Amino acid sequence: MQLASISKLENFVDQEVTLRGWLYNRRGKGKLLFLILRDGTGHVQCVCFRPDMDPELFARLEKLTYESSIQVTGVVKKDERSQGGFEIGVKDVKVVSEAEENYPIAIQEDTPNIDHLLDNRHLWIRSKIPHATLRIRNEVVQAIRDFFYEREFILVDSPIFTPNACEGTTNLFEVDYFDEKAYLTQSGQLYNEATCMAHGKTYCFGPTFRAEKSKTRRHLTEFWMVEPEMAYAGLDDVMDLCEDFLSYVVERCLTRARKWLDILGRDVTKLENVTKPFPRISYADACAKIIEKRAQLLASGSDDEKRIAKDAMTEPGDDFGAADETIIGMIFDKPTMVHRYPKSIKAFYMKADPQQPEYALCVDVIGPEGAGELIGGGEREDSLDNLLAAIKHHKLPEEAFKWYLDLRRYGSVPHAGFGLGVERTVGWICGNPHVRETIPFPRLLHRLSP
RNA sequence: UCCUCGGUAGCUCAGCGGUAGAGUAGGUGGCUGUUAACCACUUGGCCGUAGGUUCGAAUCCUACCCGGGGAGCCA
């Protein structure tokens, strides 16, 4: 018995192989029976011809339920009539486990009921679109690790249980830690600042938690973030890294995961366009462009565009909302690096621009096609005195930051880094606006299971 | 928390005061090249929950429950 996988059938033409998988679909045509088998690596049509087979087995296969696990033995044939170009001339089928009737997920391309699909996420991930999406996630994650490994960043993961709010801004999940209060991490950044002083260039890569009651297509309560941090680096170094990093990840998906992009129906020309350099624009200039575009959309845009424009900013000062990011995405067709936001709207550890102290040395990378904010980062405050003042100004408990302040006491250097949201990145690359489909088992405001 | 849309067959939906419908899945039969196969017949329902209006409610009203989309906040 020669085992094979569906993705490698071209190596077995005219040979007898055994495939192990699940029945995805079934079509009968008189003495012919077509079984569509999936094995995790792909789908293939297996052709059963009644006169050539055991009558009892043929009769059983004609009624075999969807998702029954089966082991198919037959000869690999090149055949243009078959999707994928290959099919199996079936000699024998072993039914490993016959599935129950009423498999909850229908094979249809109609508008799905997302609630039902998410309730059955444990089964839905078998279907083609979610399956391909998770293959893209796999490629993105592998590309991230390879990118940082090749550039000699050291993976030093940060803790998930933390004693206090890192930035004091967002709502955290509170857990009981042996009669002490602990919180699930919302960012590994402060710890990265410590590890990069030990290793030079580090990154952490793990889950992150936000207890915000956000109910939008861009939010999860549990999501994955990759956060690099570099000692002896500034804002420009971070922007260079963002460019190198995002273009590398996209390129990897194009070269090594194109099959899955095709299944998703992704317009790859949009991704092929993601090459260095990316536009770099200051917050102040970006605001001016948004306000200008807003007026133009209100005057002569479509109804959809008018609706977006209405929500966009009318004067600089605030952080960007969803509409502002969408408009940035309309103006530029590449990920766009918006730098130097007002210091007042950014976290306490952001360093002020010496040239214009009311702005921070920070950057957000806003993805095209409505992907939203993919990256947030910047240069960190490295002066002990300034940091103490910022902690006081933000009314944060100084005691909790004692170890963090030590980093400025013992060999402080300019340093910078960023955080990238993995699900938003995967969603953008897949052309799927909803982050909930880019993680195997999404955790959402109203969803904790399966 | 706010705005908005929705809950009818296993699944996707129509019906919007007068006997509960279609497609698909399931069942029975037919077909040697199907691609979401097709053709014929067929099983399948506490119309989200609780009140109310009415001779009569899936349909109208009220409350509640559950969810989707969006806002704020953020990656």
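This is a predicted model, so every value here is computed, not measured.
A straight line from CG of A:Leu420 to C1' of B:A75 spans 8 Å, rounded to a whole angstrom. Put simply, CG on A:Leu374 is 12 Å from P on B:A75, counting in whole angstrom units. Distance A:Arg26 CZ to B:A36 P: 16 Å, rounded to the nearest Å. Whole-Å rounding puts the A:Ile439 CD1 to B:A75 C1' distance at 12 Å. For the pair A:Ile88 CD1 and B:U35 C1', the computed distance is 16 Å after rounding to whole Å.
The P atoms of B:G17 and B:U59 are separated by 11 Å, rounded to the nearest whole Å. Nucleotides B:G15 and B:G68 place their P atoms 24 Å apart, quoted to the nearest Å. The gap from the C1' atom of B:G44 to that of B:G27 amounts to 11 Å, rounded to the nearest Å. Spacing of P atoms, B:C31 relative to B:A14, comes out at 38 Å, to the nearest Å. Comparing the P positions of B:U8 and B:A58 gives an interatomic distance of 15 Å, to the nearest angstrom. With both ends at atom C1', the span from B:G29 to B:G67 equals 42 Å, rounded to whole Å. If you take atom P in B:U43 and the same atom in B:C2, they sit 48 Å apart, rounded to whole Å. When the C1' atom is compared between B:U53 and B:C61, the two are found 7 Å apart, to the nearest whole Å.
Within the 4.5 Å cutoff, no side-chain heavy atoms of A:Arg26 are placed close to those of A:Glu62. A:Thr221 places a side-chain heavy atom less than 4.5 Å from the side chain of A:Phe173.
A:Lys306 NZ: more than 12 foreign heavy atoms inside a 6.0 Å radius.
Of the nucleotides present, none pairs with B:G45 by Watson-Crick or G-U wobble criteria with both distances under 3.5 Å. Using Watson-Crick or G-U wobble geometry with both donor-acceptor distances under 3.5 Å, B:U62 finds its partner in B:A50. When both pairing distances are held under 3.5 Å, B:U34 makes no Watson-Crick or G-U pair with any nucleotide shown. Pairing of B:A75, defined by two Watson-Crick or G-U wobble distances under 3.5 Å, is not identified with any nucleotide.
Contact annotation: A:Arg27 reaches the phosphate of B:A37 (side-chain N/O to OP1 or OP2, under 4.0 Å). At the phosphate of B:U28, OP1 or OP2 sits under 4.0 Å from a side-chain N or O atom of A:Lys63. In this structure, A:Arg217 does not reach the B:A71 phosphate: none of its side-chain N or O atoms is under 4.0 Å from OP1 or OP2. Checking the phosphate oxygens (OP1, OP2) of B:A37, no side-chain nitrogen or oxygen of A:Lys29 falls inside 4.0 Å. Contact check, A:Lys31 against B:U32: a side-chain N or O comes under 4.0 Å of OP1 or OP2. OP1 or OP2 of B:U4 has not a single side-chain nitrogen or oxygen of A:Arg307 nearer than 4.0 Å. Phosphate proximity of B:U34 to A:Asn25: absent, as no side-chain N or O sits under 4.0 Å from OP1 or OP2. Put simply, A:His434 has a side-chain N or O that comes within less than 4.0 Å of OP1 or OP2 on B:G69.
Here B:U35 is the nucleotide among B:G67, B:G68, B:U35 with the atom lying nearest to any side-chain atom of A:Gln45. Taking every side-chain heavy atom of A:His219 into account, B:A75 is the closest of B:G69, B:A75, B:G67. When the nucleotides B:G68, B:C74, B:G33 are ranked by their closest atom to the side chain of A:Glu325, B:C74 comes out on top.
Contact check on A:Lys78 versus A:Asp14 returns no salt bridge, with no Lys/Arg side-chain nitrogen under 4.0 Å from an Asp/Glu carboxylate oxygen.
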Cut-off 3.5 Å, no hydrogens considered: what does the side-chain donor-acceptor table look like for residues 312-322 of chain A, sequence neighbours left out?
none

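Within 3.5 Å, no donor on the side chain of A:His116 pairs with an acceptor on the base of B:C11, nor the reverse. In terms of polar N and O atoms assigned as donor or acceptor, the side chain of A:Glu80 never comes within less than 3.5 Å of the base of B:G33 in a complementary pairing. A donor and an acceptor atom sit less than 3.5 Å apart, one in the side chain of A:Ser214 and one in the base of B:C73. A donor-acceptor contact under 3.5 Å is not formed by the side chain of A:Arg447 with the base of B:C66.
A:Gly28 comes within contact range of at least one nucleobase, with a heavy-atom separation under 4.0 Å.
Residues meeting the side chain to side chain contact (heavy atoms under 4.5 Å, CB included) test with A:Ser282, sequence neighbours left out: A:Ala284, A:Asp285, A:His339.
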| query | Where do A:Lys351 and A:Glu379 land on the salt bridge (Lys or Arg N to Asp or Glu O under 4.0 Å) test, with the steps shown first? | reply | CA-CA 6 Å; A:Lys351 186 172 175 174; A:Glu379 191 169 335; 3.2 Å; yes

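No aromatic stack links A:Phe34 and the base of B:A37, using centre distance under 5.5 Å and interplanar angle under 30°.
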